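Keep in mind the model is a prediction, meaning the values are calculated, not measured.
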Amino acid sequence: MAALGAGRAAAAGLLRTPSLGLWRGLRVPPALQQIPQAKSEHAKAEGTFQVTMLPGDGVGPELMHAVKEVFKAASVPVVFDEHYLSEVQNMASEEKLDEVIDSMKESKVAIIGKIHTPMEYKGELASYDMRLRRKLDLFANVVHVKSLSGYQTRHNNLDLVIIREQTEGEYSALEHESVRGVIECLKIITRAKSQRIAKFAFDYATKKGRSKVTAVHKANIMKLGDGLFLQCCREVAELYPKIKFDTIIIDNCCMQLVQNPYQFDVLVMPNLYGNIVDNLAAGLVGGAGVVPGESYSAEYAVFEMGARHPFAQAVGRNIANPTAMLLSAANMLRHLNLEFHSNLISDAVKKVIKGGKVRTRDLGGYSTTSDFVKSVIDNLHPHYGA
């Protein structure tokens, strides 16, 4: 039950509203209650919020430039503390990672691009991206897959949420060569973390007014590992009689998402399955360029793209779609209780998509990143720059 208690505290801190007291029946530790209050006092005194920014690799820096341009045009009271962490550009070290952690300890909020992980083994199994998420204990990754009005796909009017546990599972970085030519790769599933992510999923469904949570697994093959995850989800589901609970095997889940995605509402799953399903579901509504994502711990919130791709082949070509990063930035502003600025930016982005005149190549158009950003700014202020 200690793990369930931790889940309650995490959910209260992560999915916060202006008043943490709105979470009835959840005991919130005093330290956690002070986090948003301290942040608000700092923002009031300084007039701005500090946010940690990691541009990442590939088109990440270009997308972050787009965010900064739109924030400037919208007069968003946010100051970015920018850090560069990249393995492929030789800008990654324990010192740089510690600098990012220190920045996060102060800001509590970050917006990040994709930190690319090279496939070559250079003596360290855990990438800097994985280490960052572990040090911040970013256990819950949330990707809200929603169709964009005005952009037609095979399945329209989609609205589902994928919740992924991202601190263990196949991403534990525990591999070794037991005998020559035989590699053992360990998948770690624990009761505490399985209960925590299940509790997060049901709390999310409750807060957002959703009616069903589906646990995705492969317990028919991995009877102990995925079996434990499934058992934890079932135990937590009993605490939420008003939320319908269902289970589905991962391979069938992928097929069902392609054939009839409307049957799903909130899906919760272990690490690797979440990575795969995030990308599959993003493809249903337009691809990696249009789906925002976010990751939470009890203390921190990190905003990013829902399907993490560096899109390296587009670097410097001014063709990347900034929609996902701008929508993620808008979600970050909502997390900071900057509702007006959040709605201003998200509405402007959606107007551009709905208008259909300015579309990047991934959506079948010929517009550049700059064209899209300019159009978003024009929709923020119709006479901006005129």
Side-chain angles (χ1 to χ4, degrees), residues 14 49-71 76 78-89 91-118 126-144 164 166-167 171 271 274-275 278-279 282 288-297 299-312 314-315 320-336 342 345 369:
L14 306 175
F49 289 85
Q50 178 177 311
V51 169
T52 303
M53 174 180 279
L54 275 73
D57 296 306
V59 297
E62 297 173 49
L63 298 178
M64 292 304 177
H65 178 72
V67 169
K68 288 187 281 189
E69 286 290 302
V70 172
F71 273 33
V76 177
V78 162
V79 174
F80 291 112
D81 182 22
E82 201 163 340
H83 295 266
Y84 288 89
L85 187 68
S86 171
E87 293 186 61
V88 296
Q89 299 179 54
M91 292 192 293
S93 65
E94 286 301 320
E95 182 181 358
K96 287 184 179 294
L97 184 60
D98 289 340
E99 289 174 1
V100 174
I101 299 297
D102 290 340
S103 176
M104 283 293 298
K105 286 179 179 178
E106 182 176 351
S107 66
K108 306 298 183 185
V109 178
I111 184 167
I112 68 174
K114 167 63 178 174
I115 302 172
H116 185 58
T117 303
S127 68
Y128 277 89
D129 183 49
M130 290 167 62
R131 278 186 264 178
L132 175 64
R133 293 175 192 276
R134 283 185 194 166
K135 287 195 174 190
L136 297 176
D137 193 28
L138 296 169
F139 71 91
N141 177 240
V142 180
V143 176
H144 186 182
R164 164 191 177 190
Q166 61 176 3
T167 58
Y171 290 63
N271 210 333
N275 190 10
D278 281 348
N279 283 265
V290 300
V291 179
E294 52 222 51
S295 295
Y296 295 104
S297 72
E299 272 192 281
Y300 307 108
V302 171
F303 296 82
E304 56 195 336
M305 296 176 68
R308 304 167 194 162
H309 293 279
F311 200 19
V315 173
N321 187 345
T323 299
M325 196 61 79
L326 289 173
L327 291 177
S328 186
N331 290 340
M332 178 188 75
L333 296 179
R334 185 169 293 109
H335 177 80
L336 294 171
S342 173
I345 291 172
T369 308

Return the minimal non-hydrogen interatomic distance between Met130 and Tyr171, and the atom names on each side. CE-O, 2.9 Å

Is there a side-chain contact (heavy atoms from CB on, under 4.5 Å) between Val78 and Phe71 once you walk through the steps? CA-CA 8 Å; Val78 162; Phe71 273 33; 4.3 Å; yes

Of Leu327, Leu333, Val76, which is the lone residue that meets side-chain contact (heavy atoms from CB on, under 4.5 Å) with Ser342? Leu333

How long is the span from the CG atom in Asn141 to the CZ atom in Arg133, to the nearest 0.5 Å? 6.5 Å

Closest contact, heavy atoms only, Phe80 versus Ile111: CE2-CG2, 4.0 Å

Are Ser295 and Arg164 side-chain neighbours, meaning at least one heavy-atom pair lies under 4.5 Å? no

Would you call Asp57 and Lys114 a side-chain contact if the rule is heavy atoms closer than 4.5 Å? no

Taking atom NE2 of His83 and atom CE of Met104, what is their separation to the nearest 0.5 Å? 10.5 Å

Which atoms form the tightest heavy-atom contact between Val143 and Gly306, and what is the distance? CG2-O, 3.7 Å

How long is the span from the CG atom in Asn321 to the CE atom in Met305, to the nearest 0.5 Å? 7.5 Å

The salt bridge (charged side-chain N to carboxylate O under 4.0 Å, His left out) partners of Glu94 (sequence neighbours excluded) come to Arg131, Lys135

CG of Leu85 to CD1 of Ile112: how many Å apart, nearest 0.5 Å? 9.5 Å

Any heavy-atom pair between the side chains of Glu82 and Pro55 that's under 4.5 Å? yes

Which heavy-atom pair separates Thr369 from Ala320 by the least distance, and what is that distance? OG1-O, 2.7 Å

Derivation and outcome, side-chain contact (heavy atoms from CB on, under 4.5 Å), residues Tyr300 and Asp137: CA-CA 8 Å; Tyr300 307 108; Asp137 193 28; over 6 Å; no

Would a distance-only check, ignoring hydrogens and angles, find a side-chain to backbone donor-acceptor pair under 3.5 Å from Asn279 to Asn275? yes

Are side-chain heavy atoms of Arg334 and Asn331 found at a separation under 4.5 Å? yes

For Leu63 and Pro322, which heavy atoms make the closest approach, and how far apart are they? CD2-CA, 3.6 Å

What's the separation between atom CD in Glu294 and atom OG in Ser328, rounded to the nearest 0.5 Å? 6.5 Å

On a heavy-atom basis, the closest approach of Ala288 and Ala324 is O-CB, 3.7 Å

Decide yes or no on side-chain contact (heavy atoms from CB on, under 4.5 Å) for Leu326 and Val67, but give the supporting numbers first. CA-CA 6 Å; Leu326 289 173; Val67 169; 4.1 Å; yes

Measuring from Leu138:CG to Thr167:OG1, what's the distance to the nearest 0.5 Å? 9.0 Å

Once the angle between the rings of His335 and Tyr296 is folded into 0 to 90°, is it parallel (under 30°), tilted (30 to 60°) or perpendicular (over 60°)? tilted

My understanding is that only residues two or more places apart in sequence, or in another chain, count here; which of them pass side chain to side chain donor-acceptor pair (under 3.5 Å) with Arg308? Gln166, Glu304

